[in-house]
2 protein chains.
Amino acid sequence: MDTQEVIARLRQAVDETKVRTNLEFLAERRHDYSVLSQLADLKGRGCPNPACVVTPSTTNDVAAVVKICRETKTPLLTFGLGSGVVCGIMATPHCVLLDMGAMKKIRMIDTDNLMATFEAGVRGSDAEAAVARRGMTIGHFPQSMDVSSVGGWVATRSSGQFSSAYGSIEDMVMGIEAVLPDGEIYSTRLTPRASSGPDLKHLFLGSEGTLGVITAVTFSLYWRAPKQDYSAWRAPSMEKGFSFQRHVIQSGWNPPVMRQYDATEVKRLFPDQARDRDAFIILVHEGPTGRVEAELKECEEIASDLGIGRAPSEPILKWLQDRNHVPGFESFLQNNIILDTIEIAATWDRIEGIYHNAVSSLNLVPNMLNASAHSSHCYRSGINLYFTFAARVDDPGNMETVYDDCWKRVMEATLRGGGGISHHHGIGRIRKKWLADELGPAGVGILRKIKNVLDPENIMNPEVLIPHE
Amino acid sequence: MDTQEVIARLRQAVDETKVRTNLEFLAERRHDYSVLSQLADLKGRGCPNPACVVTPSTTNDVAAVVKICRETKTPLLTFGLGSGVVCGIMATPHCVLLDMGAMKKIRMIDTDNLMATFEAGVRGSDAEAAVARRGMTIGHFPQSMDVSSVGGWVATRSSGQFSSAYGSIEDMVMGIEAVLPDGEIYSTRLTPRASSGPDLKHLFLGSEGTLGVITAVTFSLYWRAPKQDYSAWRAPSMEKGFSFQRHVIQSGWNPPVMRQYDATEVKRLFPDQARDRDAFIILVHEGPTGRVEAELKECEEIASDLGIGRAPSEPILKWLQDRNHVPGFESFLQNNIILDTIEIAATWDRIEGIYHNAVSSLNLVPNMLNASAHSSHCYRSGINLYFTFAARVDDPGNMETVYDDCWKRVMEATLRGGGGISHHHGIGRIRKKWLADELGPAGVGILRKIKNVLDPENIMNPEVLIPHE
């Protein structure tokens, strides 16, 4: 069916003011926040507008749009607030883009059960503020929280800065509502735990728009902690720092924030704290007062045993203040500097090797200005790393080539070192070619089969996540 | 293909001593530990033997068996150690039963990463003992742990007695290895956390043998807590007791064991503690010493605010000693007493209503000897209940009818009250008719589609979990 007919049918099915074709409105939603999309725009060859943008205000609106797209075999891209960084959204001229930003009702906040239900388009910081006014917290603080939606958090399997105590998104989501590719509405039963077959909500956590449209999310909340405290530490090497973090979390303590910066990042982010090749570690402690005090005391003992010294806590206050700043890439790109961040994860025994191999490999790229990493999420069995690279490119025509090369170096160092290719940004288009290495052929086979059976017309965000056979 | 040909092919594919047809060996593995199967045996009309039992010793053995069953369209039932209680295993004359008990190697124990990998047939208590010898714990203590396998824990989405601190099985499993219905081997990458599409291991948690054969499980472990302490409490009503537990867990404390018995169960299990209609609560506190002390102190404050009194701790030691005793049903059944336990879960605001309605409804059954409940798993947003019923049946021919009636009463009280139909025993055959109410039509639709696409011949434990359309 031709695009104009699809638009006409959409206008019959939902309030016609919700089906937008204003070019500026379309242009603003063509793609996510990924460096490659910004670079393409700067060069004047960015991705095209979608055929239209639909701004549903109800789950029934979404179901109507999905059904029309399925009947007409029209690609459907679900757009949250556009803060993704792995090219998860790139419009095509014939696609319909579903902008969830108008679905921003708070459906329920419940202080007895510590639960809250938000429509998918609610901005993260608005959701947190709404429960914070009642003394609670979601516990989810991604750097993007001012520019991301709760539906996006689920679709990308997000993880926030306070995850080491409060968990990642999968530990907070109690239930979801989603429109399936056949237009049916799926809604999980709100119970604290079940053994009623596979927990199907996990299909949608990390689905990146490929298996349905998430329309609402229910969180199991926390009371805001009565006590917050901070501690900073200086380790003579990344290895010693990892050892400190490992001992803290394996001893049963859970500082929500556990971050370790390599010497390169210390110089850039905390210049006053830079000492030789020392790593800098910041912890935020939260919880009942008695627990926070006991935790801090034991962290001191663990540090002392490992020869790790205490550092001033002031940099933590600065970090807490600035932590949601999302940097702009444009000035770098205009100066022919290509850059990005890449997050991975691995078990404790493997993280040190991946760190050194990835940074060394990045430093082989000509004119590498910065190849560094910090960790930001800590687990009993391992930790993540968040690499940052920035390289000056002599020939502006080579920006994408250098970008791809840097990604390839980090992905290959990670896979060779036994790590996982993404900790919390997702797959999108950028990591798609490495997904088979991550999941194995049988894992990718399962994913393809589920995609085929739930979305046989392959209309839901068809180009992301799942590699072609 | 006829059954003898299937057996002959199996004997060619795996060491022929692994394909058993000894009648006694078959008879012992015909069914799980469910009351209905035991009752049917007593009455001399228990389920038949399988065509054969295969005892694989490697993942390749399992893959070979799965492929033959798929090619010959032979039903394949995976048997762990047989401790299930919802009729998840009932042999048919033409089925092949895969007894995982011979796959009991410990593949890896790692004190740096706090990880251990066990083959699926390893007995729960053996797995725990192996890591305990190195100072660690899985943290998973189901009552069945002496008679259940780690693969069974995963297949049923099990939850243990120490779950309120250590989590349920989904919080401990870092990775699995499984043979898919097409014979391919799926193995998850061992990383602490990933955002690489949907976390596919969740398909197998709770799959009850319908989506593949789990062949190995990797756990993320804990160091054994340096300190354990106990506290017991007496609440003037179930409601007050729930309120106490809710405040403890919502305040950020995590006693691993939190159990609350109603007055009927106190009389039966802790007769010395019985006072009027008081509920009895036991907590086990574990963790770093400072945290345990702080937790106990704050539990006292919460109790005091709610008018909850401290009780003697001795009954906790008795419970800790006896907690893995799995009761025999035979003497009851022979005396025409039908009985079972039924676990459900609900949010805090709903649990009180479900408790009263289910117990009241059970008490309407003629000759009800015991209708009672305790809670045993506590969450920020709710709690479980574990009902026990026992009724004398005048006409022995009515035992199954009364059994079905009791189950129906608890399931309907749960669903009407907004609870979830199973907390940790699973669906099997017994709860199958209520699964559509639990998951909704769209949820059951997803499950059916996944089953159809992964197991198009419907050979994997074909009669459990998923209701027919």
Side-chain angles (χ1 to χ4, degrees), chain A residues 112-115 156-157 168 174 180 184-187 189-200 202-203 205-207 220 223 250-252 287-288 290-291 294 298 345-349 379-382 419-427 438 440 442-443 446-447 449-450 453-454 465, chain B residues 112-115 156-157 168 174 180 184-187 189-200 202-203 205-207 220 223 250-252 287-288 290-291 294 298 345-349 379-382 419-427 438 440 442-443 446-447 449-450 453-454 465:
Chain A
D112 289 330
N113 294 302
L114 291 187
M115 281 162 44
T156 57
R157 266 180 77 82
S168 293
M174 193 168 167
L180 304 180
E184 292 299 300
I185 298 167
Y186 167 63
S187 185
R189 199 163 178 83
L190 292 179
T191 58
R193 204 257 166 187
S195 173
S196 299
D199 185 349
L200 299 174
H202 287 284
L203 280 179
L205 282 153
S207 57
S220 186
W223 287 115
Q250 291 186 346
S251 300
R291 203 181 70 193
E298 194 151 316
T347 48
W348 290 108
D349 58 335
Y379 305 87
R380 301 196 298 285
S381 296
I421 60 171
S422 178
H423 178 268
H424 65 271
H425 283 171
I427 302 299
E438 169 94 0
I446 295 172
L447 198 53
K449 283 178 180 165
I450 291 175
V453 75
L454 292 184
L465 181 60
Chain B
D112 289 328
N113 295 302
L114 291 188
M115 281 163 42
T156 57
R157 266 180 78 82
S168 293
M174 194 169 166
L180 304 181
E184 292 298 301
I185 297 168
Y186 168 63
S187 183
R189 201 163 178 82
L190 291 180
T191 58
R193 203 258 168 188
S195 173
S196 299
D199 185 350
L200 298 174
H202 287 284
L203 280 179
L205 282 153
S207 57
S220 186
W223 288 116
Q250 291 186 347
S251 300
R291 203 181 71 193
E298 194 152 317
T347 49
W348 290 107
D349 58 335
Y379 305 88
R380 301 197 298 284
S381 296
I421 60 170
S422 178
H423 178 269
H424 65 271
H425 283 171
I427 301 300
E438 169 93 1
I446 295 172
L447 199 52
K449 283 178 180 165
I450 291 174
V453 75
L454 291 184
L465 181 61

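Convention: sequence-line order gives letters A, B, ...; per-chain numbering from 1. A quick note: this is a predicted structure, and the numbers were derived from the prediction, not measured.
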Below 4.5 Å, heavy-atom pairs only: which of A:G419, A:S168, A:S381 has the largest tally toward chain B? A:S381
Per-residue contact mode, A:I427 against chain B (heavy atom under 4.5 angstrom): both
What one should report as the nearest heavy-atom pair of B:L203 and A:P198 is O-CG, 3.2 Å
Quick check: do B:L447 and A:L200 have side-chain heavy atoms less than 4.5 Å from each other? yes
If you count heavy-atom pairs under 4.5 Å with chain B, which of A:T191, A:L465, A:L180, A:V453 comes out on top? A:V453
Specify which of A:G440, A:P288, A:G443 makes the most heavy-atom pairs with chain B at under 4.5 Å. A:P288
In terms of heavy-atom pairs under 4.5 Å, which option from A:H424, A:R189, A:K449, A:R193 contacts chain B the most? A:R193
Side chains of B:D199 and A:R157 in contact at under 4.5 Å (non-hydrogen atoms): yes
Given that the side chain runs from C-beta out, which part of A:A346 has a heavy atom under 4.5 Å from chain B: side chain, backbone, both or neither? backbone
Side-chain touch B:T347/A:M174, heavy atoms, less than 4.5 angstrom: yes
Identify the heavy atoms of A:W348 and B:N113 that sit nearest to each other, and give their distance. N-OD1, 2.7 Å
Looking at B:P192, B:G420, B:G206, B:G197, which has the largest count of heavy-atom pairs under 4.5 Å with chain A? B:P192
For the interface with chain B, which of A:G382, A:A442, A:S422, A:G290 has the highest count of heavy-atom pairs at distances below 4.5 Å? A:S422
Top contributor to chain B contacts, counting heavy-atom pairs under 4.5 Å, from A:A345, A:S196, A:A294: A:S196
I need the residue from B:H202, B:R291, B:R380 with the largest number of non-hydrogen atom pairs under 4.5 Å to chain A. B:R380
Distance check, rounded to the nearest 0.5 Å: A:I450 atom CD1 versus B:L454 atom CG? 6.0 Å
Find the distance between CG (B:L114) and CD (A:Q250) and round it off to the nearest 0.5 Å. 3.5 Å
When B:G252, B:S220, B:S251 are compared by non-hydrogen pairs under 4.5 Å with chain A, the top option: B:S220
